[in-house]
**Q** 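Please see the structure below; I have some questions.
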Amino acid sequence: MGKNPWIAGLLSLLIPGLGQIYGGQGGRGAAILAAAIIIANLNLLFLLLFAAAEPDPGSVWAYWLPRIGHDVVALWSLAFWIWAVVDAYRQAKLQHTE
């Protein structure tokens, strides 16, 4: 008998990949967790670059590029997190019905 899909989804909501690990897919969960850590670090890097940039509106490279990079990475990290929750739920549901 498989694991509860709602618990798997909730665990992935707390920590991306944890629901997959709970559902018995340790490798998949570890890969999702590693990707989430990489995405979070990229987001932090862009945020630090933006904070360190001098507010010169004419300088695209120093001011606007880190901000746009941070916003893009933040959007993708949110999309990735939602996908991880849905994936954990679906994978656990597939195992639960088999």
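What you see below is based on every heavy atom in this structure, not just the backbone, and it leaves out hydrogens, waters and symmetry mates. Fair warning: this is a prediction, and the values are worked out from it, not measured in the lab.
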**Q** Under 4.5 Å between side-chain heavy atoms, hopping through other hydrophobics if needed: is there a path connecting V85 to L10?
**A**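 Yes, same cluster.
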**Q** Identify all side-chain donor-acceptor contacts of residues 23-33 below 3.5 Å with residues at least two apart in sequence or on another chain.
**A**
{"from": "Q25", "atom 1": "NE2", "to": "Q91", "atom 2": "OE1", "distance (Å)": "3.2"}
{"from": "R28", "atom 1": "NE", "to": "D87", "atom 2": "OD2", "distance (Å)": "2.9"}
{"from": "R28", "atom 1": "NH2", "to": "D87", "atom 2": "OD1", "distance (Å)": "2.8"}
{"from": "R28", "atom 1": "NH2", "to": "D87", "atom 2": "OD2", "distance (Å)": "3.4"}

**Q** To check you understand the geometry: which heavy-atom pair defines the closest contact between I39 and V73, and what is its length?
**A**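 Looking at all heavy atoms of both residues, the closest pair is O-CG1, 3.7 Å.
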**Q** Does I7 share a hydrophobic cluster with I15, counting links as ILVMFWY side-chain heavy atoms below 4.5 Å and allowing steps through other members?
**A**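 Yes.
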**Q** Any non-hydrogen side-chain atom of L78 less than 4.5 Å from a side-chain atom of I82?
**A**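 When only atoms from C-beta onward are counted, I82 and L78 do touch, with a gap below 4.5 Å.
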**Q** How far does CG of N4 sit from NZ of K93, to the nearest 0.5 angstrom?
**A**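 It comes to 11.0 Å.
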**Q** Is there a chain of hydrophobic side chains (I, L, V, M, F, W, Y, each step under 4.5 Å between heavy atoms) that links I37 to L11?
**A**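 Yes; L11 is reachable from I37 via cluster members.
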**Q** Minimum heavy-atom separation for S12 and A88, please, with both atom names.
**A**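 Closest approach of S12 to A88: OG-CB, 3.4 Å.
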**Q** As an exercise, state the distance from CG of L75 to CZ of F80, rounded to the nearest 0.5 Å.
**A**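 One gets 14.0 Å once the value is rounded to the nearest 0.5 Å.
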**Q** Would you say that Y22 contacts L18 through its side chain, given a criterion of any heavy-atom pair below 4.5 Å between the two side chains?
**A**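 No, side chains not in contact.
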**Q** What do you reckon, is CH2 of W83 surrounded by more than 12 foreign heavy atoms closer than 6.0 Å?
**A**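 Yes, enclosed.
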